[in-house]
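Residue numbers begin at 1 in each chain, while the letters A, B, ... track the order of the sequences.
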Amino acid sequence: MNTPDDRQYRNTHEWVLEQDGTVLVGITDFAQDQLGDVVFVELPQVGRAVQEGDTVAVVESVKTASDIYAPVSGTISAVNDDLDAKPELINEDPYDRGWLFRIEPDGDLPQLLTAQAYNEVAEEEG
Amino acid sequence: MVDFAGWEMPLHYPTGINEEHLEVRQGTGLFDVSHMTQFQVDGPQALQFLRYALLNDAQKLRVGRAHYSMLANGEGGLVDDIYVYRTAQESYLLVGNAANREAVKATLGEIADRFDCTVELREDRALLALQGPGAALLLERVAQAELSGLKKNRLTDMTIAGAPVLASRTGYTGEDGFELFLPARNATEVWSTLTGAGAKPCGLGCRDTLRLEAGYPLFGADLDGTTDPLCTPYAWLVKEKESYGIESLGGECSRRLVGIKLNRRGIARNGYRIRKGEEQVGWITSGTISPVTREGIAMGWVDAQYSEVDEQLGIEIRGEVFPATVVQMPFLEELKK
């Protein structure tokens with residue numbers, strides 16, 4: 001299981017990376033492996049206001065649909081349009097080219113998990 | 001790996017479902033479908049037995065040919081869908097679903113008591129499916145067989161890696177291809193020989209997406225114990241004759257099984273509600289994103305009045321209504337004959 005320590009995590013298997021005052025969100029390597037082949041991603045509208053914990057995207061694999069939650073309240077400022085044609089980017093490169101959306105946060109990030117703490121969560125579920 | 005009716009089976013091999021799916025549409029894929037239940041029917045009255053037991057008419061089946069059929073349950077529904085292969089004058093091979101093995105065995109056994117024939121469960125044989133536009137060439141090369149004269153739904157004997165193989169030009173993908181019946185002890189070697197010759201290993205996942213694109217039903221999802229086959233796209237196989245359970249099939253069809261295409265990309269999964277306006281008029285039985293067209297495709301049961309091609313419906317997906325259209329199956333233009 002690959003869990004880079006340059007970013008933070010939610011126990012719902014999203015990773016959260018702060019970048020120039022915005023927050024980039026995707027799903028973890030553990031999550032993509034559990035889901036299996038991703039065949040479709042439903043992304044939010046750019047400009048949508050979201051509250052922390054809202055369902056803002058859905059990642060669908062052959063097996064199941066998985067809700068993706070906003071890690072922080074704010075406004076969706078970008079989505080990864082490449083996933084429309086190539087949803088498998090989430091399986092191939094979950095921490096980079098498989099990113100899901102970017103949020104312009106209203107305030108500070110809430111308390112999130114470190115890579116190590118997330119690994120413990122994942123190990124319990126795996 | 002997943003548990004499938006007691007069999008441990010791969011959902012996909014390392015490259016994943018999409019790639020396996022596209023390989024079968026463009027090249028050659030190989031499936032191990034040995035979990036399918038094989039029955040052998042032998043005896044002077046094997047034909048009379050099958051004519052009575054199954055809904056299609058084996059009378060029309062000459063030696064060396066195969067067809068699709070179904071077994072009714074006598075209560076207005078089905079026990080299983082079954083492929084029938086006539087291997088000799090008085091011998092037939094029946095292939096049904098793994099999950100229905102005991103039910104099929106019990107029903108066929110009961111009916112067979114009235115005929116001079118035997119029904120035997122064959123557990124000593126493996127079944128591989130070599131599927132895709134490249135399947136015939138690959139098999140000709142590996143088995144040194146001439147297959148250009150072998151039409152769809154026909155059988156021939158061949159040898160692969162020293163093993164005796166009964167090859168049938170049939171499959172569950174919509175592509176050209178072959179089902180290979182062989183002794184279980186030879187399965188590993190034949191598998192290795194075919195993959196070594198270039199066939200790509202394929203799992204249960206793409207088997208499901210391929211059959212759905214082709215408009216083939218899956219028992220347990222699209223068909224079940226309550227299904228009247230006369231209300232499905234497969235009504236053609238029900239032939240007028242005296243057969244087990246046929247009188248309990250009403251054919252009145254208050255609901256129909258149809259193909260559905262989502263107008264906006266999404267996955268309609270088993271159990272999702274189908275709506276016309278505010279009203280629920282049916283439910284989804286199978287659904288996926290077509291790996292070929294990247295559109296949402298599905299099958300579902302719909303109130304008969306809304307089951308005509310081009311009918312506009314809505315599918316409830318996570319509380320949102322996705323617009324959808326009733327379409328003719330198969331979903332892929334290139335598979336329409």
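Both the backbone and the side chain of B:Arg265 come within less than 4.5 Å of a heavy atom in chain A. Residue B:Glu20: no heavy atom, backbone or side chain, is found under 4.5 Å from chain A. Both the backbone and the side chain of B:Ile17 have a heavy atom closer than 4.5 Å to some heavy atom of chain A. Only the backbone of A:Ser61 comes within contact range of chain B, with heavy atoms under 4.5 Å apart.
Closest approach of A:Glu60 to B:Ile267, counting heavy atoms only: OE1-CB, 3.4 Å. Summarising the geometry of B:Arg318 relative to A:Val58, their closest heavy-atom pair is NE-CG2, 3.4 Å, with the distance given to 0.1 Å.
Contacts from residues 65-92 of chain A to chain B, taken as heavy-atom pairs separated by less than 4.5 Å, involve A:Ala65, A:Asp67, A:Asp84, A:Ala85, A:Pro87 in sequence order. Close approach to chain B, defined as a heavy atom under 4.5 Å from one of its heavy atoms, is seen in A:Asp37, A:Val38, A:Val39, A:Phe40, A:Glu42 of residues 36-46 of chain A, taken by number.
The local environment of CG in A:Asn2 is crowded, with over 12 non-hydrogen atoms from other residues, nucleotides or ligands closer than 6.0 Å. Counting non-hydrogen atoms of other residues, nucleotides and ligands closer than 6.0 Å to CD of B:Glu320 gives a total above 12. Heavy-atom contacts from other residues, nucleotides or ligands closer than 6.0 Å to CZ of A:Arg48 number more than 12. The neighbour count for B:Glu334 CD, taken as heavy atoms of other residues, nucleotides or ligands under 6.0 Å away, is above 12. By the 6.0 Å contact criterion, CG on A:Asp5 is open, its count of non-hydrogen atoms from other residues, nucleotides or ligands being 12 or less. Other residues, nucleotides and ligands contribute only 12 or fewer heavy atoms inside 6.0 Å of the CD atom of A:Glu124.
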